[in-house]
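Here is the structure we will look at.
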Amino acid sequence: MYLIGFAEGTGSHLADLVRGGIHVYASFSQLFLQVFFVSLVILDPLAAVLVGLVRREGIWLASAVMALDVSANWWGNRHWLRDDPAQLLWLLPITVFGLFVVALAFPLSRAVAGAASRPPTTLPSA
């Protein structure tokens with residue numbers, strides 16, 4: 001699920017950049033939000049690769065990226081959420097995925113650490 005979600009995020013932000021250029025997120029008045037959303041073109045695939053390689057760093061990066069991504073989306077879109085609460089549905093998928101990633105960070109990190117600390121198993125010779 002991590003890989004699918006981060007691949008979708010990468011594709012979405014890459015498509016935005018191709019369509020609108022470096023200033024595609026100019027509708028967000030805060031420069032830090034614009035920079036962050038552009039940086040997701042690098043951060044999303046990096047998290048996906050590290051998670052795919054079963055690295056604890058990938059789990060923590062994925063969790064941090066999603067916490068920031070969800071927060072940035074809610075903050076950057078708060079004005080129209082107040083004006084038209086039905087727009088909340090647009091933020092639902094990213095919020096659910098973000099909660100999923102953050103909720104699994106500790107259990108996955110422990111599982112990966114536990115697997116790394118066990119000696120490799122060998123198959124019996126034929």
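Along the sequence shown, the residues carry numbers beginning at 1. All heavy atoms count here, side chains included; hydrogens, waters and symmetry mates do not.
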Do [X] and [Y] belong to the same hydrophobic cluster, where Ile, Leu, Val, Met, Phe, Trp and Tyr are linked whenever their side-chain heavy atoms lie under 4.5 Å apart, directly or via other members?
| X | Y | result |
| --- | --- | --- |
| V18 | I42 | no |
| W90 | L40 | yes |
| I4 | V70 | no |
| L99 | V65 | no |

- request: Can you sort out the partners of V38 under side chain to side chain contact (heavy atoms under 4.5 Å, CB included), two or more places apart, ordered by chain and number?
  value: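 In terms of side chain to side chain contact (heavy atoms under 4.5 Å, CB included), with neighbours along the sequence ignored, V38 is linked to L17, I22, Y25.
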- request: Taking the side chain as every heavy atom from C-beta outward, state whether Q34 and V24 have any atom pair closer than 4.5 Å.
  value: no
- prompt: Would you call W74 and T95 a side-chain contact if the rule is heavy atoms closer than 4.5 Å?
  reply: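 Yes; the side chains approach each other to less than 4.5 Å.
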Can I get a per-line list of side-chain donor-acceptor pairs under 3.5 Å for residues 100-112, giving both atom names and the distance, sequence neighbours left out?
residue: S109; atom: OG; partner: R56; partner atom: NE; Å: 3.0
residue: S109; atom: OG; partner: R56; partner atom: NH2; Å: 3.1
residue: S109; atom: OG; partner: W60; partner atom: NE1; Å: 3.1

Checking the side chain of [X] only, and the main-chain atoms of [Y] only, is there a donor and an acceptor separated by less than 3.5 Å?
| X | Y | answer |
| --- | --- | --- |
| N77 | N73 | yes |
| S12 | E8 | no |
| S71 | L68 | no |
| Q30 | G76 | no |

message: Can you confirm whether more than 12 heavy atoms, excluding those of H79, are under 6.0 Å from its NE2 atom?
response: yes
Expected list for residues 43-54: side-chain donor-acceptor pairs under 3.5 angstrom, two or more places apart:
none

task: Mind checking the OG-CZ spacing from S39 to F32? Nearest 0.5 Å is all I need.
output: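 It is 12.5 Å, given to the nearest 0.5 Å.
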- prompt: If every non-hydrogen atom of L33 is compared with every non-hydrogen atom of W75, which pair is closest and at what distance?
  reply: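 That would be CD1-CD1, 3.8 Å.
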message: Exactly one of T10, D16, L14 should register a side-chain contact (heavy atoms from CB on, under 4.5 Å) with V41. Which one does?
response: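 In the set T10, D16, L14, the residue that makes a side-chain contact (heavy atoms from CB on, under 4.5 Å) with V41 is L14.
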- prompt: Do the rings of F97 and F6 sit parallel, tilted or perpendicular, given the 30° and 60° boundaries?
  reply: perpendicular
